[in-house]
Amino acid sequence: MPTLIVSEKNKAAKRIAEALGPVTVINRSKYLKVYQVPSKNIYVVPLRGHILEYRNTDQFKSWINSNPREIITNPNSIDKIPNSYANPYIKALIDFAKKCDECVIATDADVEGCNIGLFDALPYVIKANRNIKVKQLWLSSLEKKEIVLKYRNLISPKWSWGETGEARAIIDAIIGFSSTREVTNTFRPILNEINNKFVSIGRVQTSLLYLIYLRDLEIEQFVPEQYWTITANLEHKSHIIKAVHTKNPFIKEKESKAKAIFQKIKNEKVALILNNTKESAIINPPTPLNTSKALVLLTRILRTSAKSVMNAMNSLYLNQIISYPRTDSDKYSPNFNHLPYLENFKPHMNYGSYTVKLFKENRLSPTTGKVYAGDHPPITPLVSLEQTSSKFENNLQKKVYDVLARHYLALFGKHATELRIKLRISIKDELFTSRLVSLTQSGFYEIAPFLKKTYQPIFEIEVKELPVKEILLDEKETQPPPHYTDTTLLKLMEREHLGTKSTRPTIIMILLDRKLTYNIAKNRFKITEWGKFLIQELIQVWLPFLKPDFTRFVENLLEDIKEKRKTKEDVIIIVKKIFLALFDKFRNEKNTITIKFDSVKDNLKTTMQQTSQKKFPQTTSKCPTCKNHPMKLITTSQKKRFLACSDRNCKTYLSVPKTGRITILKSTTCLKCGFNVFKILKRKVNKSNIYYICPKCWNDSFKEEGTIGFCSNCTDYQISKEQCVKRS
DNA sequence: GCAAGGTC
């Protein structure tokens, strides 16, 4: 009788099947492939991560007519049901379970993997075939050798690991659903004012918001302190060498001391070099990239959001340009053969000469990080693509690939060398130091210059004296800590155990979407007035839940389930009890919150309006009515869009197509009426459609009968190479 | 209408 193997994702299913023998692919639906190994009588059915999710039962569907408190107390408040795309997967599990007498769970070798295999998929398998034998395939990598070996040594299912994931899901659902509803109901008068539909509360997101609140508070309450520094600019050939007084910084109490020193030396023209040491330092190439490190690096270099970088990596992976982007490995398996990948880059326009040099110098082993998670290698470029390649779907993918490819090549590079010169200097008996760091050997920086620090030009100092160009006494102020960026938020979340490598970018985005945070200059995050009000109120009643300690507390309990020290049920009872107490505290004290609403409502409304004012794209052509002002392409929060004259008094509006991405072509205008031509891109699953309209002509066409005012229907002109030209 | 966790 055949064997059914269940994997977490398509990629793993394919690899497992291929390792066990020649494969026949069974296309079950457009996206679902089952891999058959006829020689071994095996069917490998992939899943797509979790196929079930917790939802409120019908009894608790209504937000108004059900009691949020009962979501915690009533064991039937939530239920695990198939998600939107689960059906083909479930059907495949049932069909193949009926044919097989053995089921091997081969989902990822971690807590969520065990939960997906043993608690999402297996119940369907067993329901379809009560006598099926259940085993688990515990893979520490997807290499053929490992798969073959472990398939011969199947283990009994790791139920406790699966239960750990189940407890995590139940705890998050119960806490999230009950508190989101209760807090939404409480804050409803405020939500109406600021056009929010609800306020979401969750173990991870609310804790993160609290940390952002704390940082902003620290910045707000920061009291700058005055201090003074004495610096000397010394001349050496064409360079300026900056030296700092050894007693820097002079705090407020030492102001007079600083000024006295400055008075004493300000006209001195010679600096004596007392000591001149130099040392060479080696800078090693970076270590391979796991997901967290890649996100931190890419958001820092590209100055873009974690979410968009993660999306770009995922698309590159789906298009087989990079390896799997969700990995904890920052160390390659000793068996990983880098040669074919490196070989790819030899002819590359930008990376080629560096790569050829790697081969010449026989530098073919990468640096190594700390974790070999097994299932996937560190993030690796699989193919060599030029920046002009049409395989990139957008500019960001291009940039992400460039950084990842260069970083990968840097792993094999030679170390860089720094020259560090330290000078001890005396200016009229006042001691100064100067540190000069220059790059003497660029090594791997050649391919990955984005990893470089700032360096001074290379020079050596052999003289005993240097002329003083100027001596400066500067009054300065201490600076507050910076606002968080995507990069620093990712680091913070990792440090505080908030979220996972895959969910962190989404959680950062959720806070933005829900108007709890917003971006100020340079991708920096600030809590909104609304977020601040919310957290300030919650601190009064829910501080234990806001602190990241709560997640660590839950984590420890989950670990107890995994290690069989506690049962899933016991842990859920413990967490429910603690959270119910917090919930009741909120209920008992919520009058102290609602009583404040009248006094803060108006202020919140206006500040939130200011914060959310978007910059809408503008036409270069003028409004057809007033002929004075450009028009704005407005998109409302309900996703309706239209053109409006930027002069509010003019009140001219033009319709635009409801769907498709609009680009205002600024290099051409409609030769018929002079208005901008709009390019509309409609994305479909397989191909995209592009068409053009002039909004003025398009709107005019509504008043006439017959024609639709697309540019393609224009009798006199047509769009050619994004220019409006006479029809030939 | 809600969480956080997988994956496309």
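Proteins come first, then strands; the chains are lettered A, B, ... in the order of their sequence lines, and each starts at number 1.
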Which part of the nucleic acid, if any, lies within reach of [X] when heavy atoms closer than 4.0 Å are counted: base, sugar-phosphate only, or nothing?
{"X": "A:Asp120", "result": "nothing"}
{"X": "A:Arg514", "result": "sugar-phosphate"}
{"X": "A:Gly165", "result": "nothing"}
{"X": "A:Thr503", "result": "base"}
{"X": "A:Asn311", "result": "nothing"}
{"X": "A:Ser200", "result": "sugar-phosphate"}
{"X": "A:Tyr324", "result": "sugar-phosphate"}

Within a radius of less than 6.0 Å around [atom1] of [X], do more than 12 heavy atoms belonging to other residues, nucleotides or ligands occur?
{"X": "A:Lys590", "atom1": "NZ", "result": "yes"}
{"X": "A:Lys61", "atom1": "NZ", "result": "yes"}
{"X": "A:Lys293", "atom1": "NZ", "result": "yes"}

is_close_aromatic([X], [Y]), centroid dist under 6.0 Å:
{"X": "A:Trp542", "Y": "A:Phe579", "answer": "yes"}
{"X": "A:Phe187", "Y": "A:Phe198", "answer": "no"}
{"X": "A:Phe545", "Y": "A:Phe550", "answer": "yes"}

Rounded distance in Å - [atom1] ([X]) to [atom2] ([N]):
{"X": "A:Asp513", "N": "B:dG1", "atom1": "CG", "atom2": "P", "answer": "16 Å"}
{"X": "A:His497", "N": "B:dG5", "atom1": "NE2", "atom2": "P", "answer": "13 Å"}
{"X": "A:Asn83", "N": "B:dA3", "atom1": "CG", "atom2": "P", "answer": "16 Å"}
{"X": "A:Ile510", "N": "B:dG1", "atom1": "CD1", "atom2": "C1'", "answer": "13 Å"}
{"X": "A:Lys14", "N": "B:dT7", "atom1": "NZ", "atom2": "P", "answer": "18 Å"}
{"X": "A:Phe579", "N": "B:dA4", "atom1": "CZ", "atom2": "P", "answer": "11 Å"}
{"X": "A:Leu32", "N": "B:dT7", "atom1": "CG", "atom2": "P", "answer": "17 Å"}
{"X": "A:Phe550", "N": "B:dA3", "atom1": "CZ", "atom2": "P", "answer": "16 Å"}

Is any side-chain N or O of A:Arg504 closer than 4.0 Å to OP1 or OP2 of B:dA4? no

Does OP1 or OP2 of B:dT7 have a side-chain N or O of A:Lys9 closer than 4.0 Å? yes

Of residues 168-182 of chain A, the positions that come close to DNA chain B - non-hydrogen atoms, cut-off under 4.0 Å: A:Arg168, A:Ala169, A:Asp172, A:Ala173, A:Gly176, A:Phe177, A:Thr180, A:Arg181

Name every residue in residues 52-82 of chain A that has at least one heavy atom under 4.0 Å from any atom of DNA chain B, in order of residue number, or write none if there are no such residues. A:Glu53, A:Tyr54, A:Asn56, A:Trp63

Shortest non-hydrogen pair, A:Thr528 vs A:Lys515, comes out as OG1-O, 2.8 Å

How close do A:Leu546 and A:Ser207 get, counting heavy atoms only, and between which atoms? O-OG, 2.8 Å

Side-chain donor-acceptor contact under 3.5 Å, A:Thr485 with A:Thr488: yes

Starting at the 5' end of DNA chain B and moving along, which residue's nearest nucleotide shows up first, A:Ile507 or A:Tyr89? A:Ile507

Can you classify the ring geometry of A:Tyr43 versus A:Phe96 as parallel (below 30°), tilted (30 to 60°) or perpendicular (above 60°)? tilted

